[in-house]
Amino acid sequence: MSTGPTHAISGLAAWAAVTALAADSAIGNLSTKGWLVGAILATGAALLPDLDHPESTVSATFGPVTQAASSLLNGLSSGLYRLTRTKRDSKRGGGHRGFTHTLVFAVIATVVTTAIVQTSRSWALPLLMFFFCGLAVRGIMHKWSPRHDALWITGTALILTYACLKWTDHSDANAAACGVAVGIGCIAHYLGDAITEQGCPILWPVPIGLKTWYPVAPPKILRMRTGGRVEMALVGPVLTVVAIWMSAIALHRTGALPMLDGIRLAPWT
């Protein structure tokens with residue numbers, strides 16, 4: 001699952017599902033504004049791991065800036081792979097589906113996001129929000145032209161950034177929710193990549209089968225080709241339905257959808 005829209009909607013679906021199912025926890029009882037900020041962050045973060053690929057959607061989002069970051073991460077990931085691989089790991093080149101596709105990276109992204117939201121509101125937080133808002137907008141667009149769509153994406157991202165900054169308060173709980181949203185988006189990306197033919201080294205550096213970069217994946221019969229018919233005709237639409245359904249449950253709990261009172265959205269309630 002490597003197309004931008006599928007990754008983006010998977011991030012939103014994962015955030016919506018977690019907040020809808022975690023009714024008895026802090027993450028399941030956010031305000032409407034807090035939930036929406038998390039939804040944008042998770043949607044954008046679901047593209048973040050592919051920053052290690054120079055030709056990915058995320059790497060082209062902000063032109064030379066993200067391309068430079070992609071080259072840096074690709075080199076770092078490639079070097080880390082060579083440094084930590086075992087004799088049983090493949091001798092592949094390049095850094096795609098390396099460090100940024102591990103739970104270690106997701107934890108780091110969660111902690112860094114939480115720290116920025118909590119402490120660096122003057123400059124780092126606006127940049128962080130603009131970055132993820134841009135990824136979220138870019139991710140839902142299947143086809144785009146850098147020449148014709150860049151201004152539209154930038155304008156929409158600026159509007160979303162302004163909203164996110166106005167809706168993000170100074171509390172530790174809100175900062176933690178933002179960090180969790182980014183982590184959820186990354187993990188949604190990993191799970192999507194895991195069901196493709198290549199798998200995903202989610203559990204690095206834990207050795208599995210004497211491989212530190214073991215590609216976690218289901219049996220081959222359950223895997224799909226990246227960008228193939230199964231992804232576009234089945235996985236994408238199903239994730240969209242899940243995202244809408246779970247979002248309705250979570251937003252109804254925040255009080256944003258009072259018109260759904262009396263409707264049993266969740267069969268487990």
Side-chain angles (χ1 to χ4, degrees), residues 1-4 6-11 13-14 17-18 42 44-60 66-113 135 139 179-180 182-232 234-236 238-239:
M1 183 194 299
S2 67
T3 59
T6 308
H7 274 317
I9 199 65
S10 74
V18 169
L47 279 77
L48 182 62
D50 274 348
L51 194 58
D52 67 356
H53 195 310
E55 298 180 3
S56 67
T57 297
V58 59
S59 299
T66 42
Q67 288 172 353
S70 177
S71 296
L72 179 64
L73 270 178
N74 184 273
L76 173 65
S77 185
S78 180
L80 190 59
Y81 181 86
R82 291 194 299 269
L83 182 66
T84 62
R85 74 185 182 192
T86 68
K87 294 181 178 180
R88 295 210 173 188
D89 285 307
S90 68
K91 296 181 180 181
R92 61 178 176 84
H96 182 46
R97 293 205 184 183
F99 175 63
T100 61
H101 286 70
T102 67
L103 287 176
V104 174
F105 178 83
V107 171
I108 292 174
T110 299
V111 172
V112 170
T113 299
L135 294 189
V180 169
V182 170
I184 287 174
C186 289
I187 292 172
H189 183 109
Y190 305 157
L191 295 177
D193 278 356
I195 62 174
T196 63
E197 296 170 335
Q198 298 89 348
C200 186
I202 303 172
L203 299 178
W204 175 89
V206 177
I208 301 176
L210 300 181
K211 296 180 179 181
T212 53
W213 294 92
Y214 182 83
V216 176
K220 288 186 177 181
I221 192 173
L222 298 178
R223 303 182 202 179
M224 65 181 187
R225 184 171 62 86
T226 299
R229 292 182 179 179
V230 173
E231 176 183 348
M232 305 308 293
L234 179 61
V235 177
V238 168
L239 282 175

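Predicted model, so just to flag it, every value in this text is computed and none were measured. All values below were derived from every heavy atom in this structure, side-chain atoms included, with hydrogens, water molecules and symmetry-related copies excluded.
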For Val238, which residues count as a side-chain contact (heavy atoms from CB on, under 4.5 Å) partner, sequence neighbours excluded? Leu234, Val242
Under 3.5 Å, side chain of Arg223 to main-chain N/O of Gln198, donor-acceptor pair present? no
Taking C-beta and beyond as the side chain, do His189 and Asp50 meet within less than 4.5 Å on heavy atoms? yes
Once rounded to the nearest 0.5 Å, what's the spacing between atom CG of Leu51 and atom CG of Leu135? 8.0 Å
4.5 Å side-chain heavy-atom contact, Leu191 and Ser10: no
Check Ala8 against Gly139 and note the closest heavy-atom contact, atom names and distance. CB-C, 3.8 Å
side-chain contact (heavy atoms from CB on, under 4.5 Å) involving Ile221 - partner list, sequence neighbours excluded: Pro219
Could you grab the distance from atom CG of Leu73 to atom OG of Ser78, nearest 0.5 Å is fine? 12.0 Å
Between NZ on residue Lys220 and CD on residue Glu197, distance to nearest 0.5 Å: 9.5 Å
Minimum heavy-atom distance Ala14-Ala188, with the two atoms named: CB-CB, 3.9 Å
Under 3.5 Å, is there a donor on one side chain and an acceptor on the other for Ser90 and Tyr81? yes
Rounded at 0.5 Å granularity, tell me how far CG in Leu72 sits from OG1 in Thr66. 12.5 Å
Name all residues meeting the side-chain contact (heavy atoms from CB on, under 4.5 Å) criterion together with Thr110; count only those two or more places apart in sequence or in a different chain, and write none if there are none. Thr114
Return the set of residues passing side chain to side chain donor-acceptor pair (under 3.5 Å) with Thr100 (not counting sequence neighbours), or none when no residue passes. Asp52
Short side-chain to backbone donor-acceptor contact, Thr196 and Asp193, under 3.5 Å: yes
Using modelled atom types only, decide if a donor and an acceptor are shared between the side chain of Thr113 and the backbone of Ala109 within a distance under 3.5 Å. yes
Are any of the side-chain heavy atoms of Pro54 and Ser59 separated by less than 4.5 Å? no
In Å, rounded to the nearest 0.5 Å, how long is the span from CG of Leu239 to NE2 of His7? 11.0 Å
Side chains of His96 and His101: does their closest heavy-atom pair fall under 4.5 Å? yes
Can you list, pair by pair, the side-chain donor-acceptor contacts under 3.5 Å of residues 200-216, counting residues two or more places apart and other chains?
unit_1 : atom_1 : unit_2 : atom_2 : d
Trp204 : NE1    : Thr84  : OG1    : 3.3
Thr212 : OG1    : Thr84  : O      : 2.7
Thr212 : OG1    : Asp89  : OD2    : 3.2
Trp213 : NE1    : Thr84  : OG1    : 2.8

Flag side-chain contact, heavy atom, 4.5 Å: Ile195 against Pro218: yes
Sequence neighbours excluded, the answer for ring pair (Phe, Tyr, Trp, His ring centres under 6.0 Å) partners of Phe105 is Phe99
